[in-house]
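No hydrogens, no waters, no symmetry mates; every other heavy atom, side chains included, goes into these values.
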Amino acid sequence: MKISINNLTFYCIIGILDFERDKEQKVLIDISFKYKYKDSSSFIDYSKIALDIENIMKEQKFELIEEAILFIKNFLKKSYPIKKLKIKISKPNILNNCIVSIKK
């Protein structure tokens, strides 16, 4: 099975520049992964994963998107039986006329 969670949207502190750490900014996260579904006992609750990610981002207050991606990746791989994890984090309002995003 493959699960995709797209456009998970919330506000948090992320960035290294003073103006990025002044106030929370909008962040978008796309995540997809595969897992082996056998029956209802092997079900992965995607709403729990979305909440885990939001809580991580708000609690950790990362300076770099790259650090956030690695932290989330390690957390999810330890917490859930998932494979082929892909994460994309975007900051749509950080620069004028563009969206900054990083994917792993």
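For the atom pair C12 SG and E59 CD, the distance stands at 11.5 Å (nearest 0.5 Å). Put simply, CD1 on I65 and CE on M57 are 7.5 Å apart, with the number rounded to the nearest 0.5 Å. With rounding to the nearest 0.5 Å, the separation of CD in Q60 from CD1 in I14 is 11.0 Å. Taking CD1 of I82 as the reference point, atom CG of L76 lies at 5.0 Å (rounded to 0.5 Å). Here CD1 of I72 is found 12.0 Å from OG of S79. Values are rounded to the nearest 0.5 Å. Distance check: K103 NZ to D30 CG gives 8.5 Å after rounding to the nearest 0.5 Å.
Taking both residues in full, the closest heavy atoms of T9 and N7 are given as OG1-O, 2.8 Å, listed atom of the first, atom of the second, then distance. Contact record, I87 with K73: CD1-N, 3.8 Å, taken as the closest heavy-atom pair. Closest non-hydrogen pair, Y80 versus K48, comes out as OH-CG, 3.2 Å. Residues I89 and V27 come closest through the heavy atom pair CG2-CG1, 3.7 Å.
Under the 4.5 Å side-chain contact rule for hydrophobic residues, F19 and I13 do not share a cluster. Hydrophobic cluster membership differs between F10 and L28, with clusters built from Ile, Leu, Val, Met, Phe, Trp and Tyr side chains linked at under 4.5 angstrom. In this structure, F43 is a member of the same hydrophobic cluster as M1, with clusters built from ILVMFWY side-chain heavy atoms closer than 4.5 Å. Placement of I56 and Y11 in two distinct hydrophobic clusters is found when ILVMFWY residues are connected by side-chain heavy-atom separations under 4.5 Å, directly or transitively.
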Open item on the list: I'd like to know whether N6 forms a side chain to side chain donor-acceptor pair (under 3.5 Å) with S4, so could you lay out the CA-CA distance, the side-chain angles of the two residues, the decisive distance to 0.1 Å, and finally the verdict.
Closed with: CA-CA 6 Å; N6 296 311; S4 294; 4.8 Å; no
Open item on the list: Pair F71, F62 - check ring pair (Phe, Tyr, Trp, His ring centres under 6.0 Å), show working.
Closed with: CA-CA 10 Å; F71 190 96; F62 295 101; 5.6 Å; yes
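Between the side chain of Q25 and the backbone N or O of E20 there is at least one donor-acceptor pair closer than 3.5 Å.
A heavy-atom distance below 4.5 Å is not found between the side chains of I31 and L8. When side chains are defined from C-beta on, K2 counts as touching S32, because their heavy atoms get closer than 4.5 Å. Here the side chains of I5 and I53 are not in contact, with every heavy-atom distance at 4.5 Å or above. Counting heavy atoms from C-beta outward, R21 and K61 have side chains that approach closer than 4.5 Å.
Applying the 6.0 Å contact sphere to NZ of K58 captures more than 12 heavy atoms from other residues, nucleotides or ligands. Within 6.0 Å of atom NZ in K77, more than 12 heavy atoms from other residues, nucleotides or ligands are found, so the atom counts as buried in its surroundings. Dense packing is recorded around CG of N74, with more than 12 heavy atoms of other residues, nucleotides or ligands lying under 6.0 Å away. Taking a 6.0 Å sphere around OH of Y46, one finds it holds 12 or fewer heavy atoms contributed by other residues, nucleotides or ligands. More than 12 heavy atoms of other residues, nucleotides or ligands sit less than 6.0 Å from atom CZ of F75.
Between Y35 and F33, the ring-plane angle classifies as tilted under the 30° and 60° cut-offs.
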